[in-house]
Every structure is written in C-alpha cells, then in structure tokens.
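Worksheet: one structure, shown below.
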Amino acid sequence: MTPDAKLLPSGLPRIESMEMRGIVKKFPGVLACDHVNFDVKAGEIHALLGENGAGKSTLMKILYGLYHPEEGEIILNGLPVEINSPTDSLNHGIGMIHQHFMLVDTLTVAENVALGLKSTREPRMDLDVVSARIRELAVKYGLKVDPNALVSKLAVGERQRVEIVKALYRGAALLVLDEPTAVLTPQEVEELFHIFRQMAADGHALIFISHKLDEIFALTDRVTVLRDGKAVGSTLTSQINKAGLAAMMVGREVSLSRERPDVTVGKVRLSLKGINAFNADGQQILKEINLEVRSGEIVGVAGISGNGQRPLAETVAGLQPVASGTVELDGQLVTGLPPARMFKAGLSYIPEERMHDGVVKDFSVAENLILQDHIHAPFSKGIFLDFKFIAKHAQRLIQAFNVKTPSRETLVKNLSGGNIQKLILARELARGPRVLIAAQPTRGVDIGATEYIHAQLLKGRAEGLATLLISEDLDEVKAMSDRIAVLFEGRIMGIVTSDEVSTEQLGLMMAGEAAAV
Amino acid sequence: MGKTRLNRQHLERLFDTLLPLLAVLGAFAIGAVILALQGVNPLEAYKAMVVGAFGSKNGLADTLVKSIPLLLVGLGIAIAFRGGVINIGAEGQLIVGALFSTYIGLQLGESMSPALVILLGLAAGALMGGLWGTIPGYLKAQLGVNEILSTIMMNQIAIQIGFFLLRGVMIDPAEIAAGTNIPHSARLTKAIDIPRFTDIAKSLGFTESAKDLGLEGWSKEIYGLLAEPTRLHAGLIFAIIIAILVYIFLWRTTIGYRIRAVGLNPHASRYAGIDVKKNMVLSMTLSGAFAGLAGAVEIFGLHHRMFEPLAVSAGYGFSGIVAALFGKLHPLGMIPSSILFGGLLVGGDKMQRAMQVPQVLIQVILGLVVLFVVSTDYFVRRRQNRRVSVTSRADDLILAAKTIEEVTNE
Ligand SMILES: Nc1ncnc2c1ncn2[C@@H]1O[C@H](COP(=O)(O)OP(=O)(O)OP(=O)(O)O)[C@@H](O)[C@H]1O
Ligand SMILES: [Mg+2]
C-alpha cells in the first residue's frame with residue numbers, strides 16, 4: 001500500500017488530520033479540560049498520558065461525542081465539525097474502545113458487531129453478511145476472531161480484539177484506545193500492539209492512553225502529557241526518557257524503583273491448608289492450596305489471569321465456598337464463615353473489579369468509605385449513623401490518600417478510575433487490618449499513585465501487616481514481594497523467594513512448569 | 001458556540017425539573033382531544049375535575065382522604081425500589097392488612113383503651129402486610145423466584161382469602177339475620193374510630209361552623225375542611241409523620257444505609273460483608289408492612305368495617321406505585337405527589353358525574369397521566385446517563401441487553 005493512498009484497507013476514507021483546539025470542559029467543582037490542544041495524524045500513534053483525573057478520558061469522550069465542551073473546536077481534515085453524539089463521531093470515522101468492554105456475553109461475536117446497526121435486509125438479520133465482513137477485516141488486519149464464537153467463551157484478550165473489529169466494522173479511521181491494555185497479559189499486549197502498528201501503517205490514526213510508561217515507549221510516535229486538565233507538553237516519544245515523562249506528568253521526580261527495607265517477620269497471620277474449591281459448573285478452581293503469610297511479609301501471587309487468583313482471594317474473604325481445607329486468620333479458624341466475620345477477624349480485601357465489587361457508584365465518597373464499618377461505633381450510635389464523624393473520617397482519608405475529588409459528597413461515579421482505586425485503598429488500610437488481600441491494586445493507577453500505593457503497602461509491612469499481593473504485573477510482584485507463589489490452573493506451582501528468582505523462571509512456572517528452585 | 005452550549009445545558013436542567021408537570025399537562029392535552037371527540041367540552045370537564053378535587057372543603061377532604069393510603073402504600077413501594085426489589089403486591093398486602101386489623105378491632109372492641117386498640121389494630125395490619133411481603137421476598141432471595149410474578153400472584157391469593165373469610169367466619173351477623181348475605185364484616189365499635197378532623201376540632205373548642213363565624217371564600221372552605229364534619233381523619237397526620245420517619249430511616253440509620261447499598265450495588269455490598277439476601281427480604285417485608293398499614297388505616301379511619309377486598313384496596317396498590325414514582329421515590333416528595341394523585345382520583349370522579357362522561361374515559365385519562373409520568377422519568381434518566389456515561393444508540397442497546405442478561409441470570 002502506498003502511503004498517499006486515500007483509502008484504508010477497509011475501503012473507507014482516511015482521517016488525514018484531527019485537531020482539537022482550546023477545549024474547555026467543566027464539571028461541578030472541577031475543570032476537567034482547560035484549553036487543551038491536541039492533534040493526531042493518519043499513520044500516527046499518539047499517546048495521551050497523565051495522572052489519574054488529569055482529564056484524558058474526558059477529552060476523548062468529547063471527541064467521541066459523549067460530552068459537550070464549553071469551549072473549543074474539533075477540526076477534521078482541516079474543516080471544523082460538530083460532534084454532538086457518538087453517532088456523529090462514528091459518521092465522521094471516529095471510533096472509541098472503552099476500558100470496560102461493551103459486549104453482550106450471551107451473543108456471538110457477529111451478533112455483537114451487528115447489534116444496533118441497520119441490517120441490509122431489514123427487518124431480518126443479515127448475520128451471514130456481517131460474518132463475511134468480519135472475516136474480511138480479520139484477514140486484512142491480522143486479527144484472530146471467529147464471528148460465530150460466543151463472547152462468554154472468549155478470554156479478555158480475544159474480547160479486546162472483538163472490540164477492535166467492532167470499531168473497524170463501523171468504519172473507524174481514527175481510533176481512541178482508553179487504557180486497552182489494563183486487563184491484558186503481557187503476551188496479549190504484545191499481540192495487540194502488533195495489530196495497532198499494522199493499523200497505523202495502513203493509515204489509521206490512533207490515540208493511545210495508558211499508565212504504563214514501557215508501553216508508551218514500545219508503541220507510540222508522539223506523546224502529550226495532561227496535568228490537571230492542561231496540556232503541559234507534547235514531544236516525540238523518541239526524544240524523551242522514562243524519568244523525563246514521569247516528571248512531566250507529576251511535576252516532580254518520581255521514584256521508579258522500590259526499596260524493601262528489612263523487617264523481621266512475625267507469626268503466621270494467614271494460613272491456608274489443603275484448600276480445594278469448585279465453581280458453579282463443578283470445575284475445580286483451586287487444588288490443594290497450601291499457603292502461609294506472616295506478619296511483616298508481602299507474598300506475591302503471580303500467574304496468568306484466570307488461573308485461580310480470584311477464587312484464592314475470595315476463599316480468604318469468605319466469598320468462595322471451599323470443598324475441603326481450612327482457612328485461618330490471625331490464629332482463628334474461619335473456614336466457611338461469611339465475609340462480615342472475616343473482616344471482623346482483621347481482614348481487608350481490595351477486590352480486582354473495583355467498579356463492580358469495590359464501590360457503590362451512586363453513593364458519595366463519604367458513604368463509600370463506611371461500607372463495612374458503618375454498623376459500629378464510631379460510625380454509628382445504635383442504629384443511627386453519626387454523620388459528623390463520617391464526614392471527619394472522609395475528610396481525613398481524602399487528605400491522607402490524596403484522593404482527587406471536588407468534595408466528600410461527590411458521587412463516586414464522577415471520580416476518575418485511579419482515584420476510585422485510591423479511595424478503596426484508603427478505606428481498606430484505614431480499617432487497621434492484620435491481613436490484607438490486594439488484588440491488582442495498581443491496575444489503571446498513575447505512576448505517582450502507584451508509588452504511593454506501594455509505599456503504603458510497604459508501610460503496612462513494616463508495621464506487621466500480612467499482605468497477599470495478587471498481580472499480573474510481574475515487575476510489581478517481583479519488586480514488592482518477599483516470596484512469590486505462582487498459580488497455574490488452580491494449583492500452586494511453587495513458592496519462591498523473589499530476590500532469587502528470575503523473570504524467565506517465573507514465566508516458565510506461570511506456563512505450568514514445576515518450580516525450579 | 002461556548003455561550004449557547006452553556007444556555008442549552010441550563011435549559012435542559014430546567015426542563016428536567018419541570019418535566020413531571022409537563023407530563024401531566026401533556027396527558028391532559030391528549031385527554032382533551034378524546035373528550036372533545038366524545039362531544040364534551042374539555043375545558044369545562046377539566047374545570048369540573050379541578051374544582052371537584054380542590055375547590056371545596058368536601059372535595060379537598062376527599063382528596064386528602066385518598067392521599068392517605070396512596071402515601072402509605074407509596075412509602076412501602078419506595079423502600080422496595082431503593083432496596084432493589086419491585087413490589088407489585090401492595091394491593092394484596094393492603095387487603096390482608098385490612099382483614100387482620102378488622103379482626104383485631106372486632107375481637108378487642110372496647111375491652112381496653114380505644115387508643116391502644118387502634119394501635120394494636122394498625123400493628124396487626126402492618127404485621128400481616130409484612131408477612132405477605134416477606135413470602136415473595138424470601139422466595140426471591142432463596143430460590144430466585146421473580147418477585148414481580150410472585151407478588152402479583154399473592155394479590156390473587158389475598159383477594160380470594162378475603163372473600164372466603166367475608167362470606168364465612170367474618171361476615172356481619174346482621175347480614176345473615178337479614179338474609180342478604182352481603183360479604184362484609186360487622187362495623188367496628190365507634191369508640192375505636194380514628195378521630196376525624198372535625199372531632200379533634202370540637203374537642204379543641206372550635207364548635208362553630210364557618211357560617212356562624214361569617215367566613216367567606218377560601219377561608220370558609222379551609223375552616224370547613226378542618227372543623228366541620230367531613231370524612232377527613234387523623235390518618236393524614238399519621239401518614240405524614242410516617243413519611244418523615246421513613247425518610248429518617250432510609251437516610252439516617254444503618255439499616256436504611258444497607259438497604260440502599262444493596263439496591264444500588266448488590267455485588268459491592270456482598271463484598272463489604274452486607275447480607276444481600278437478608279436485606280432483600282427485609283425491604284420486601286417493610287414494603288408489605290406499609291401497604292398493610294395503609295389497609296388498617298383505611299379500616300379504622302374510613303370504612304370501619306371490612307368490605308369486599310377490591311372495594312377496600314381500590315387500586316391503591318397500583319396507583320401508590322405511580323404516586324411513589326411521581327414523588328421520585330423520595331418519602332418527602334411523595335407527600336405532595338400523593339395529594340396530587342388523590343386529587344386526580346377524586347376529580348376524575350367528579351368530572352364523570354358533572355359531565356356525564358363514561359367512567360372508562362376517566363380511567364383512560366388517568367392512565368395517560370401514569371404513562372406520561374413514568375415514560376418521561378425514563379426519558380430524563382436516559383438523557384442524564386448519556387451526559388455522564390458511555391451511550392450511543394448501539395451502546396444503549398447493549399446496556400439494555402446486558403441488564404436483561406443480568407436479570408435473567410440471577
Ligand atoms: N461525569 C462527571 N461528573 C463530574 N466530574 C467528572 C465527571 N467525569 C469526570 N469528572 C472529573 O473530571 C476529572 C477528569 O476525569 P477523567 O476521567 O477525564 O480523568 P482521567 O485522566 O481519565 O483519569 P484516569 O487515569 O484515572 O482514568 C476528574 O477530576 C473527575 O473526577
Ligand atoms: Mg480515564
């Protein structure tokens with residue numbers, strides 16, 4: 001394909017240039033975008049980087065027609081355009097992939113793609129036409145998707161590909177990717193990047209949002225940094241390094257390495273013995289799990305997603321029934337007790353799916369901070385909530401954990417993703433736990449906040465907290481953990497000392513090979 | 001461009017707040033066309049309606065009397081909605097509440113202080129209604145039985161039990177003696193009537209009539225409403241106090257907090273150690289209890305005996321849902337909305353009599369109001385969602401499909 005061809009492989013016109021000028025967007029109490037200029041050209045991958053709440057998603061939702069800006073204009077191929085709804089943006093060739101998948105599990109890939117579009121044979125469906133077109137696109141872009149597969153049977157990486165096909169099918173020439181890699185394994189990320197590079201080479205314009213600096217360097221041509229709603233700089237990716245980017249984002253030096261000071265480990269705080277568990281379909285999801293976490297220790301759990309991490313966490317939290325085995329929290333036998341009893345025994349749990357399981361989105365910040373502890377003093381007296389104390393508590397945590405929110409009364413659904421994570425962390429650590437389960441605690445969190453969250457975990461460790469850190473980010477697991485348990489198909493393949501194991505060895509164990517150490 | 005956008009948003013917000021009223025007006029507009037087609041002058045008909053409902057002491061009294069069960073039922077509906085369950089069974093809960101409170105009233109009679117008997121009667125109604133709500137709540141929590149279906153079926157059971165009792169053990173002995181066998185109970189003793197406003201006024205020393213005092217116009221009607229003999233009873237004050245208590249309960253107590261948390265996000269609630277099933281059952285129990293209470297208040301305040309089940313429930317189990325939605329499921333907002341709906345019911349009746357329009361036509365107009373109010377509410381919510389979250393037309397469909405999927409999975 002010659003670079004000056006005006007059509008994309010999909011047969012649709014390219015977007016040669018897209019420019020956003022002087023965009024201003026206000027929300028109650030926040031200036032989410034403050035005269036932002038941003039642009040992208042055909043054939044380019046432009047990274048949008050910034051702390052949690054900097055305004056990245058807001059800017060992109062304006063481009064996609066979900067929000068109306070108070071000021072500013074959008075210029076496509078040199079002409080100003082009005083984008084008032086996602087339908088408008090789709091008509092202009094702009095597509096967006098949201099971090100949360102918008103797929104219906106019980107439908108097939110083709111049905112999902114066809115959903116909401118006009119059939120060529122109204123009122124009957126034209127799934128055969130849709131499937132053929134999907135196959136065509138899949139071949140052109142090297143995307144492995146089966147139009148007839150049920151979405152519920154697909155892994156996250158495959159679902160991500162379906163989202164891309166969906167956008168391409170709708171004729172996207174410019175694609176916004178809002179944290180597309182947050183939930184993927186390293187292998188899946190690599191495959192995805194391959195597709196993105198291919199798309200850019202074919203003349204698509206891509207906007208890529210991620211908090212992982214490595215990904216920015218591996219994929220993008222240019223990077224623009226947002227801070228507090230302002231674009232603070234824009235540069236070719238090749239002309240800056242990690243430390244420079246981090247400083248630009250946060251406005252100060254950020255430490256990218258983690259020091260684990262020596263602490264003396266104490267008594268066993270969490271002990272799992274011979275745990276076996278099954279899911280609703282009767283499949284065994286945990287096999288003979290034996291694991292101990294001591295006071296002052298961080299034990300990492302590594303593994304490819306879906307190999308038993310979630311059932312493991314939920315067993316300890318009392319959310320997953322066990323078939324056999326015992327769970328001990330701080331010396332108490334708690335096997336089979338409900339979650340409330342686990343929390344009473346000193347457990348705090350940061351769940352993986354924070355929007356779904358961690359917060360009530362339509363509750364305020366203050367209300368979300370008392371989700372477990374509202375029942376007892378000092379949060380309530382008898383059956384009455386003590387609002388004075390609840391407000392004071394919220395104010396303290398917002399400050400201590402640097403949660404960016406207009407006020408404690410703001411509904412949590414209006415906070416940015418990373419700030420919601422900080423809120424949950426604040427709630428769980430402020431409860432004064434003796435055992436902490438942190439599942440993907442820094443997923444979708446900016447580097448400044450990641451540094452902060454890691455510091456908090458290490459502070460807990462120094463104070464005698466026993467932490468089980470579940471993460472798919474191997475660098476995080478290696479840097480933070482004293483020991484690492486590797487899960488594969490519900491079984492612990494081995495428990496290794498993190499300073500003595502190499503990333504390669506971990507990788508092998510995660511793929512099912514027995515422990516080398 | 002910036003300026004116009006800002007104005008547009010303000011306009012939208014203003015529009016959203018006024019929308020319920022616009023909805024009522026819209027429904028009336030369509031109703032006017034139907035009335036005109038029937039050869040009735042719509043303006044006169046609506047005038048008869050408004051004057052009938054709000055224009056005189058008797059109209060106002062009837063309106064307020066009807067607003068009492070609407071408010072009490074609506075409070076229960078709101079608790080269920082807030083707790084994430086849907087209660088279509090208020091009709092049945094009201095009926096069993098009325099039945100049981102009548103039974104208690106008949107049994108206790110004048111055996112103890114009247115205030116105590118009334119209190120016990122109301123408690124009995126709430127208890128029975130609560131039980132009637134607990135059953136579908138429990139079935140949903142334990143077995144995943146859809147509560148919409150089970151509450152509707154519980155309505156039928158309540159109606160039939162009512163007939164069974166009223167044709168059998170509960171029938172007024174006088175009916176048997178007279179051989180007419182109309183299925184209603186004996187009258188409760190007068191001593192345990194919930195006092196009427198006029199009785200209260202008399203005991204406070206307001207014995208003169210408005211005419212005696214030489215009052216004219218509005219002050220005459222208002223004075224008449226408060227002091228002269230009408231059907232208005234103290235149940236109104238009771239219901240308003242209950243509404244305030246429900247507000248406090250939902251927003252100030254730990255139990256209310258948990259009910260709302262479970263309603264808004266059962267997953268996060270479960271993860272936080274809140275017993276989701278228990279709270280689901282509790283919302284249904286409370287919801288039923290308020291409907292049962294409404295039944296008891298109707299008996300002690302208005303009917304003083306148990307009539308045929310559907311004559312007592314009078315559709316309040318359903319119109320209460322609308323009053324609750326119109327009040328935005330907020331206990332305090334529901335006070336004016338119940339009065340408005342009470343007015344619609346009374347005014348519709350008056351219009352029918354004054355203009356000779358068929359009864360069904362009134363129901364059509366009321367139905368239109370319901371339809372407009374409910375659908376505009378949906379419309380506002382959808383647009384607000386669009387403003388804050390991800391929704392194109394296609395995404396809307398997906399969200400809808402996802403919701404259905406979740407509902408069917410659970
Ligand atoms: N619908 C909304 N209502 C009110 N405030 C909002 C809304 N959406 C976003 N905000 C606020 O605007 C700011 C920018 O949010 P945005 O979601 O754009 O951040 P972000 O850069 O995408 O962050 P993250 O990396 O955490 O996803 C935040 O302070 C957020 O609280
Ligand atoms: Mg974002």
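Below, chain A is the first sequence line, B the second, and so on; all start at residue 1. Atom set for the values below is all heavy atoms of this structure, side chains included, hydrogens, waters and symmetry mates excluded.
- With salt bridges taken as basic N to acidic carboxylate O contacts below 4.0 Å, one links A:Asp357 and A:Arg310.
- Looking only at atom types and distance, the side chain of A:Arg21 has no donor-acceptor partner in the side chain of A:His35 under 3.5 Å away.
- Annotation: side chain of A:Ile23 is in contact with side chain of A:Leu59 (closest heavy-atom distance under 4.5 Å).
- Neither the backbone nor the side chain of A:Glu353 comes within contact range of chain B; no heavy atom of the residue lies under 4.5 Å from a heavy atom of that chain.
- Residue contact with chain B, scored on non-hydrogen atoms closer than 4.5 Å, involves the backbone of A:Val359 exclusively.
- Within the 4.5 angstrom heavy-atom criterion, no atom of A:Phe379 approaches chain B.
- Donor-acceptor pairing under 3.5 Å is recorded for the side chains of B:Asn87 and B:Gln93.
- You'll find the side chain of B:Leu286 reaches within 4.5 Å of the side chain of B:Phe249, heavy atoms only.
- Contact tally against chain B (heavy-atom pairs below 4.5 Å) for A:Leu385, A:Asp373, A:Asp362, A:Ile375: the top residue is A:Leu385.
- Only the side chain of A:Phe343 comes within contact range of chain B, judged by heavy atoms closer than 4.5 Å.
- Top candidate by heavy-atom pairs under 4.5 Å with chain B, chosen from A:Met342, A:His374, A:Arg341, is A:His374.
- The greatest number of non-hydrogen atom pairs below 4.5 Å with chain B, out of A:Lys381, A:Gln372, A:Lys361, is found for A:Gln372.
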- Please test A:His356 against B:Tyr271 for ring-ring contact (aromatic ring centres under 6.0 Å, His included), starting from the C-alpha separation and ending with a verdict. CA-CA 10 Å; A:His356 194 248; B:Tyr271 271 71; 8.0 Å; no

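- The most heavy-atom pairs under 4.5 Å with chain B, out of A:Pro339, A:Gly358, A:Ser380, A:Ala317, come from A:Pro339.
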